[in-house]
Amino acid sequence: MSFSNHFSVRAPAQKRGVHLPQVRLRNDTRHALPVVVAVALAGVVGLGFGIASVASKGLGWDDVAGIAVLLLAATLAEAFPFPIEGVAAGSTSLATIFLVAVAVVYGWSVAAIAGFLTMVLVEVGRRRPFSRVAFNCGIYVLGGIAAGGAASKVGDGELLGLVGGAVLAAASFWLVDITLLAGVVSRSRQIRLVPAWRSYVISTSVPFAIMASLSAILVVLWDRSPYVAVILVVPLLATALYQRWLHGALERLREFDRLKDEFIAVVSHELRTPLTSVYGAALTLRQHELDEDRRNTLLDIVSTEAARLGRLLDDVLWVSRLDSGRADTFISRVDALAVVSEVVRGARTRLPAKLAIEVRYPDARPDVAADPDKLRQVLVNLVENAVKYSGEGQIEIRLESNDDAMRFSVRDEGRGIPLEDQHRIFEKFHRLDPDMRQGVGGSGLGLYICKGLVERMDGQIWVESEVGKGSTFTFELPLAAVA
């Protein structure tokens, strides 16, 4: 059981294994450094005493085998934590169960060494920063020492003694864990220690009770027969796997529910504007005598907004096809320049006065292996996106071929995409201006559709952008085989 002993002062308020109050706090590693250093040094000292104690006493081969089994189990449990649904403690590791068993059965010195090895193997394997590895290893060393010391005050070999020793050892390990973690987080976030510690205790009390009970069961079984104790691994593994599956299924359901709500909100918002325009124009045409110019203007509004509604419904249909796997592709030999020219001709009829489109292509223009309709759809979406976020300047469409692929690039001179949004720009419903503060609307489906269609034609798509200097959307498709 590891209650967020993976130290990172840059982590958000909800950490693995804890749930701190959601307040805006300054996060500075320099404030936490004294605690980190103190815990790491204490861990080094404790580990040194533990090694010296084990060396002076010696271990039999039976002891070495038993410790190796528990150490392996603790390392695997620490490497693969699982969430407990309905508990605000985040992902929980079962490592404490096995480390407490080491402390009760073999003493504090072996528990200190086992705690260190468990954490260092996992953290180094994950390539964590040195400060984090040192801090977390210090926590497990000190926790193992505390657990072994507490168990030595109770255990007498009888059933009640073993149970009491295991529970007290688990409680000691837990208190050391959350106290040190609360100390480093309170320092890094500049909050008071007691409220932070209280939040840790409350949020981890349920997992602690479960882990303490399992620790007691393992210790009792191990005392009776280590071979029988191994049987406990099966239900623990089944429980962990089931919890991971259950949590994953519920997370997917929550994500589907969130996407449903977002879909309803986005589509409702995007439908309202054109419908209002069409309704207003139709009502004016019906109730008023209008001259020819005003009548044509209103008819243009109806035509434009109806086309906008049609594009929105097409986007929704494409998303449905992509999500259900029904967006079948019919790959054939396609003249890429011909498709690009067709898209550009259509776009130029709707361009703002201060915006221009230019096409650049090589002298040699090999055909691509693509679905022409889907290639056209991708280019239309990218060009419309460039027009929407540019307003003025130039849009450049460039074709470049290499040995096995044709590269299509659509570059604009618009506002650009912030770095933090670039990795999400192809997600469903993601929009740069969701509140339309800059007057740019959209469903957030166009780039998601582009990515899905390009991937179904065995291609890839990406973006390069700098705020204030524009964006370049690029995708590659394989060249058609030489006839």
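Since we're looking at a predicted model, the values are computed, not measured. Just so you know, these numbers use all the heavy atoms, side chains as well, and skip hydrogens, waters and symmetry mates.
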Quick one: does [X]'s side chain have a donor or acceptor within less than 3.5 Å of a partner on [Y]'s backbone?
{"X": "N385", "Y": "N381", "answer": "no"}
{"X": "T75", "Y": "T118", "answer": "no"}
{"X": "S199", "Y": "P195", "answer": "yes"}
{"X": "R398", "Y": "R407", "answer": "no"}
{"X": "D412", "Y": "I395", "answer": "no"}
{"X": "E396", "Y": "R360", "answer": "no"}

Inset, instruction - With sequence neighbours left out, write down each residue that passes side-chain contact (heavy atoms from CB on, under 4.5 Å) with D300, or none if nothing qualifies. - result: none

Inset, instruction - Apply side-chain contact (heavy atoms from CB on, under 4.5 Å) to E413 and list each qualifying residue two or more places apart in sequence or on a separate chain. - result: Q394, R411

Inset, instruction - Measure up the W174 and F208 rings against each other and bin them: parallel (under 30°), tilted (30 to 60°), perpendicular (over 60°). - result: parallel

Inter-residue atom distance [X].[atom1] - [Y].[atom2], 0.5 Å rounding:
{"X": "L285", "Y": "L298", "atom1": "CG", "atom2": "CG", "result": "4.5 Å"}
{"X": "L117", "Y": "C137", "atom1": "CG", "atom2": "SG", "result": "9.0 Å"}
{"X": "E292", "Y": "N296", "atom1": "CD", "atom2": "CG", "result": "4.5 Å"}
{"X": "F173", "Y": "M211", "atom1": "CZ", "atom2": "CE", "result": "12.5 Å"}
{"X": "K374", "Y": "L477", "atom1": "NZ", "atom2": "CG", "result": "12.5 Å"}
{"X": "T472", "Y": "W462", "atom1": "OG1", "atom2": "CH2", "result": "11.0 Å"}

Please give me the minimum heavy-atom distance between [X] and [Y], naming the atom from each residue.
{"X": "V176", "Y": "I139", "value": "CG1-O, 4.3 Å"}
{"X": "S131", "Y": "V36", "value": "O-CG1, 3.9 Å"}
{"X": "P372", "Y": "A370", "value": "CD-O, 3.5 Å"}
{"X": "G43", "Y": "L142", "value": "N-CD2, 4.3 Å"}
{"X": "P366", "Y": "M406", "value": "O-CE, 3.4 Å"}
{"X": "V278", "Y": "V302", "value": "CG2-O, 4.2 Å"}

Inset, instruction - Check the surroundings of atom CZ in R348: do more than 12 heavy atoms from other residues, nucleotides or ligands lie under 6.0 Å from it? - result: yes

Legend entry - Atom NZ of K451 with >12 non-hydrogen neighbours under 6.0 angstrom: no

Could you tell me whether the side chain of [Y] reaches within less than 4.5 Å of the side chain of [X], counting heavy atoms only?
{"X": "S341", "Y": "V359", "answer": "no"}
{"X": "F473", "Y": "I417", "answer": "yes"}
{"X": "P362", "Y": "L399", "answer": "yes"}
{"X": "Q422", "Y": "L419", "answer": "yes"}

Legend entry - side-chain hydrogen bond (donor to acceptor under 3.5 Å, both in side chains) partners of T474, counting only residues at least two apart: S409

Inset, instruction - Take L375 and V454 through the test side chain to side chain contact (heavy atoms under 4.5 Å, CB included) and record every step on the way to the result. - result: CA-CA 8 Å; L375 173 57; V454 168; over 6 Å; no

Legend entry - Residue pairs, two or more places apart or on separate chains, that pass salt bridge (charged side-chain N to carboxylate O under 4.0 Å, His left out) and touch residues 205-215: none

Inset, instruction - Could you name each residue pair satisfying salt bridge (charged side-chain N to carboxylate O under 4.0 Å, His left out) that touches residues 456-467, not counting sequence neighbours? - result: E466-K469

Legend entry - Evaluation steps, side chain to side chain contact (heavy atoms under 4.5 Å, CB included), between D367 and D335: CA-CA 5 Å; D367 295 338; D335 184 343; 4.1 Å; yes

Inset, instruction - May I ask you to check whether Q377 and D373 show a side-chain donor-acceptor distance below 3.5 Å? - result: no

Inset, instruction - Could you walk me through whether V122 and R126 pass side chain to side chain contact (heavy atoms under 4.5 Å, CB included), step by step? - result: CA-CA 6 Å; V122 174; R126 291 171 174 166; 3.4 Å; yes

Inset, instruction - Go through T204 and I178 one step at a time and tell me if the side chain to side chain contact (heavy atoms under 4.5 Å, CB included) criterion holds. - result: CA-CA 9 Å; T204 60; I178 62 173; 4.0 Å; yes

Legend entry - Pairs where residues 393-420 contributes a residue and the test ring-ring contact (aromatic ring centres under 6.0 Å, His included) is met, not counting sequence neighbours: F408-F475

